[in-house]
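Contents: one structure, followed by commentary.
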Amino acid sequence: MAAPLEEATTLAPLERTRRPERIVEWATVAFGSWTLYCHAVVFSGGSFRSLVRFSWAPILMGVLVAIALSRASKTRPTQPAAPFANKEGRTNSWARLLCAVGVVIAYAYSGNYLVLWMGGTLLAFVLLLDGPPAGSSSATDHGPPEADRGALGSLFLLALVAVVITLVTHRSDLDDSLYLNMAVGALDHPELPLLSQDTIFGYDGLPLLNPIYRTSTYELLVAVCSYLTSADVKWLYYLAFPALTAALIVPTTYAAMRELGSPRPALGVAFVVVLMVTWGDVHWTHANFGFVRLFQGKAVLVSVGIPAIVYFAARFVHRPGLVSWGFLLAAQVAALGLSANGLFAAPTAAGLVLAGRLGPTKSEVGRVLLGLLASSYVILLGIVVAFDLAVITTAQPEPIRTLGTATNLHAVLGYGLHADVILVAILSLAAIPTDPVRARTLAGWGLAIIFVLLSPMTSDAVAFVQALNWRIFWAAPFPLVVGLAMSALSSFGPSWHRVRVGALLAGVLVASFVFDDEPWTTSLENDSIIASPTYKVDPFHDFAGLLVATTPPNGVVLAPWDVAGWLPTFRNHPRAIETRDFHLRLIERAEGLEEASRRRHLQRLMELGTDEEMSIPRRPGRRFQSFRKDLDHFGVTTVLVDNALPWQRPLVRHLRAAGFRGRNLGIYQLWVRPEPPPPPAAHPDVG
């Protein structure tokens, strides 16, 4: 084993140059400033009108601060490192890569997750102590090389490709009943305190579905832009904002690639784009929170926010200082504004990079501790929200369940070729040829991901928050890791007819992604279609629009989940019996179990259902005895009946007897009560 790596404490200061990183810096600080402003308004009880009044100030201030920080962060362009100056360097990197492949093969053959975790941890630790591959660049000229015009042109084309893919790929998601409704609710109720009560069901005084959503500011920005420009909120949400964030994926990924020492960062970004298009093995892959879903803040967090945090965290450990620390703080605040999932994902993503730089010297320990302080705002706000969340979880305790780290990890990675390549990429981060400082960062980051994030104990540690079981892996940007590994692989080995052996191997792997039997992210098998740019909704959205148009003022809608879930996405939408099954927990908290059960029984008569837990018997029997009473109790005025229901005829008879008049819409029947009953009594315990 070679002697332990001796490195310079920091990378040399760099002079200013025109870099794509500037876009990332400005966008991060601007949105971070917006998030701080929104939090001040929300947690002080301010209204949407208050938010709009000075909405220009935080964004302008953020841009000015970003420009000032960028000018203070001087950069000097350097020449790209010559990572393989000798045969020993090539052999060393190939050996490291083959060891990583061997660990993954052993795991695949044995099926024992401990083989992967223990073998990967041991390998990463040994490679960290062994130092960078022999032949790496010296400890001088540590700054990333300046992007040449060819690279900038490639980045522009990749950004254009990302925007086009995002706009023409259509996959709807009913999570918009919450996320888009946050923007719609702010526009519909500008006088109410922001994010203080539920606007999904349409009833006044219901509490927010979950207090953690008070930290989200992405949807509020959509609402403010819609208000100021008079643009349709759905046009902004489904088209304008996704196009902008798709373009941001490219410079953000490129910035992280360069800061982490990728030999060919532009090529690495191209690999990331390919992976984001082809990695549709399972529903929870990072790619499924990429181009096909960039209209949601949590997808922007996964695709842009986390890579930005990795970039700024690596930049801080390479060039510690107030400017780098400020950017790292802004990146985590911005991530929290993109999605409430940033409460755990942002500090974890930064912590993994920082932990990889932990060493025995006081300067290394101090640098890591200072970097961790950049997570203080997110952590403190998380503690504040946790008190409200504890009230909900105490009132409705749920059993702690965990499927194990291996199961949760493969729920994100899948089980095909993509998963194997990603695991090899993580284990081989220490094989990437770069300067000694960045080699140390990559090796330490890889060790932290394997030892901490992939630990068999991780799933048990986060099981108290069930939603974290698989979302915890958002803290590691797997597409970025693959891009780093593949761009490094393309520079491996000797040239053969002017083409490197590693480049041929990388090309074969990319081709195998493209022609693999697993569905592409953008494929029909992955519930995605390619069409002209329009709203990312399904046909049920139009039926929801019809319900909104035909329901009388203060009316109440009873409709199948497929349609009812879209109701909250419309401006001035009517009240609903139920929108999505898990939203009913809100009614249980606010009105009690009995009222929630009556809604549940009424809703189940509208559902075909395939899950025994979520459907009712094929012979509903006694359910119809209380059907008309429940219709009057909740003041139902509009009912959408699925013609495929086995009990459709008796259901229609009861509706007709209750005074409803219907018409056929094809797969549905629309029933409206011309003279609605008196409005229901005020909800108990709701102020």
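Counting from 1, the numbers follow the sequence of the chain as shown.
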Any residue meeting side chain to side chain donor-acceptor pair (under 3.5 Å) with [X], in chain and number order, not counting sequence neighbours:
X: S216; answer: none
X: H170; answer: none
X: T285; answer: N288

Pair listing, ring pair (Phe, Tyr, Trp, His ring centres under 6.0 Å) test, anchored in residues 505-535, at least two apart: Y238-Y535, H418-F513
Side chain to side chain contact (heavy atoms under 4.5 Å, CB included) against [X], all qualifying residues, sequence neighbours excluded:
X: L60; value: W56, L64
X: A243; value: V163, L167
X: D527; value: R171

Quick note, salt bridge (Lys or Arg N to Asp or Glu O under 4.0 Å) partners involving residues 152-169, not counting sequence neighbours, are none
Enumerate the residue pairs fulfilling side chain to side chain donor-acceptor pair (under 3.5 Å) with a member in residues 220-231, sequence neighbours excluded, ordered by first and then second residue. none
Is there a donor-acceptor pair closer than 3.5 Å between any side-chain N or O of S487 and the backbone N or O of L267? no
Between R264 (side chain) and S490 (backbone), is there a donor-acceptor pair under 3.5 Å? yes
Within this structure, what is the OG1-CG distance for the pair T245 and L338, rounded to the nearest 0.5 Å? 9.0 Å
Taking only residues two or more places apart in sequence or in another chain, which ones pass salt bridge (charged side-chain N to carboxylate O under 4.0 Å, His left out) with D173? R293
Mind checking ring pair (Phe, Tyr, Trp, His ring centres under 6.0 Å) for F473 and listing every partner two or more places apart, or none if nothing turns up? none
Should the pair D175-K298 be classified as a salt bridge under the 4.0 Å nitrogen-to-oxygen rule? yes
Sub-4.5 Å side-chain heavy-atom contact between H286 and V412: yes
Only distances under 3.5 Å count here; give the side-chain donor-acceptor pairs of residues 442-449 to other protein atoms, sequence neighbours excluded, each with its distance to 0.1 Å.
none

